[in-house]
Structure formats: structure tokens, C-alpha cells
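All ligand and atom numbering here is 1-based and tracks the order in the structure.
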Amino acid sequence: MIRKILFASSNEHKLDEMRNLFSSSSWQIISPKEIGIRPLNVLEFGSSYAQNAIAKIEAYQQYTHLPILADDSGIEVKALNGKPGIYSARFGGQFIKNDTQRNEYLLRLLDEVVFYNRTAIFKAVLAIRFHDSETIIREGNVLGHIALESRGMNGFGYDPIFELNNGQTMAELGSQKQEISHRALAVKALLDVL
Ligand code: IMP
């Protein structure tokens, strides 16, 4: 039997990836739009990825009795003491208008840092809550480096500047991202316990 989960996000890229990652499971990812919920702008005031993911769940909870899944992700750059981390979505402040500008900003900050010292972690934290029951949290991490320049046309967000240990950026991967990404690892960990 296929069971439905509401994905608490208005990010179409994450939604596509989630649908894909759950496609061979017994769970079906449903978007807010599909059940008539308008996109919600959830403020991320938590002090951890998990808290932010739970805030996303709680924003959608009044609209559905379906189990709700949320994802909070970020990139942690060692040379920047782990920044932007949980602030990845807003990194650079209000004058940054899109992902391309955000990536350029991050590359500029690392201008003087040699490749060897540009290590970074891509992190996805997933939370799922069933009606009236406890929340399950799982995470996935991928190690890599911030590339010397932006490369690749696939993916979204920080993908073009996150270089994997095989030398490709996440945005150069295409569908292989769904096998090795931080989000893929977090979904695998979650499916193990669902
Ligand atoms: P949030 O999880 O919606 O708060 O997003 C965190 C930030 O990380 C946003 O700037 C996203 O674009 C970015 N991000 C989240 N997941 C990915 C990913 O899989 N690849 C690249 N960037 C991502």
C-alpha cells in the first residue's frame, strides 16, 4: 500500500529530489500545492537544522492529518568556522538576490584560501512527524571542497560550487546526485526506520 507524506516545503528543487528519492519506497511525496495549501514562508529562527525542520512541520500541521516531512539543509565551510551552516539560505544578507550571487559571495570570501583548505560539508536534516506521535530525525552528510569556480548546470543552490572528492561539482552530476547527495543519505537513513 502506498502511503502519503506531505513535504513541508515550497522549494520546487527539493520537492523534485524528494519525489525521486522516495519513488521506490512505499511512500508518496505530496506537495502543499497538491492539497491546496498556499506556499508558507516559514521563519528559520532555530539554533539547529533539526529545530528549523520542526518549525517547518509545525507551520503545515494545522492544514493536514498526513504525516509531514521537512528538510533543513546547509553547507558548512571549515575555513569559515562552519559558516554559513544553518544560515545558508540567507547567507550574504538581504542584498543577495539569488543563488548565483550567493555562490559568488562565498567564492569571494574564500578568494585567498587554497583548494586544500576549502573543505566543506553538505548537510541535510530530515524530520518526519506522524499525527500525534513523536518526531523522527535523520541526517545525511557529504564531504567535499568549495570549488575554485562555479561549474555545472544541474541541481540548485550551492551545487555548482560544492566539489566532490571525484573532482565533479554536485551540479555536474545530473541524476547521480540522487545516489550520493546529503539528501539521498538522509532519506536512506529515514527509510530504514519508517
Ligand atoms: P533551507 O534548507 O531551505 O534552509 O536551505 C538552505 C540553503 O541551502 C538554501 O540556500 C538552499 O538553496 C541550499 N541548499 C539546500 N539543499 C541544497 C542542495 O541539495 N544543493 C545545493 N544547495 C542546497
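- Distances shorter than 4.0 angstrom occur between a heavy atom of D72 and an atom of ligand 1.
- Between K177 and E17 there is a salt bridge, since at least one side-chain N of the basic residue sits less than 4.0 Å from a carboxylate O of the acidic one.
- At least one heavy atom of F122 sits under 4.0 Å from some atom of ligand 1.
- With hydrogens left out, the protein atom closest to atom 11 (C) of ligand 1 is F156 CE1, 4.3 Å, a heavy atom.
- Ring geometry for F122 versus Y158: interplanar angle over 60°, hence perpendicular rather than tilted (30 to 60°).
- Residue-level proximity to ligand 1 for K56 is carried by the side chain, the only part with a heavy atom below 4.0 angstrom.
- At most 12 heavy atoms of other shown residues, nucleotides or ligands fall within 6.0 angstrom of atom OH in Y87.
- Comparing S73, G92, A124 by heavy-atom distance to atom 15 (C) of ligand 1, the nearest is S73.
- Among the atoms of H182, some N or O lies under 3.5 angstrom from an N or O of ligand 1.
- T100 and E104 form no side-chain donor-acceptor contact under 3.5 Å, judged by distance and modelled atom types alone.
- The nearest protein atom to atom 12 (O) of ligand 1, hydrogens excluded, is given as G157 CA, 3.6 Å; this is a heavy-atom distance.
- Of the listed residues (D159, I75, D99), the one carrying the non-hydrogen atom nearest atom 20 (N) of ligand 1 is D159.
- Ranking the protein heavy atoms by distance from atom 9 (C) of ligand 1 puts A89 CA, 3.7 Å first.
- The closest protein non-hydrogen atom to atom 3 (O) of ligand 1 is K14 NZ, 3.0 Å.
- Remark: R151 engages E163 in a salt bridge, criterion side-chain N to carboxylate O under 4.0 Å.
- Under the 4.5 Å side-chain heavy-atom criterion for grouping Ile, Leu, Val, Met, Phe, Trp and Tyr, I30 is not connected to L15 through any hydrophobic cluster.
- Side-chain atoms of R102 and R90, non-hydrogen and from C-beta on, never get closer than 4.5 Å to each other.
- Considering only heavy atoms from C-beta on, L173 comes within 4.5 Å of I180 through its side chain.
- A side chain to side chain donor-acceptor pair (under 3.5 Å) with S73 is found for one member of K123, H182, E139, R183 and no other, namely R183.
- Interface of R183 with ligand 1, defined as ligand atoms under 4.0 Å from a residue heavy atom, comprises 15 (C), 16 (N), 17 (C), 18 (C), 19 (O).
- When Y158, F91, F162 are checked for heavy-atom proximity to atom 22 (N) of ligand 1, Y158 turns out nearest.
- Contacts of K177 with ligand 1, taken as heavy-atom pairs under 4.0 Å, involve the side chain alone.
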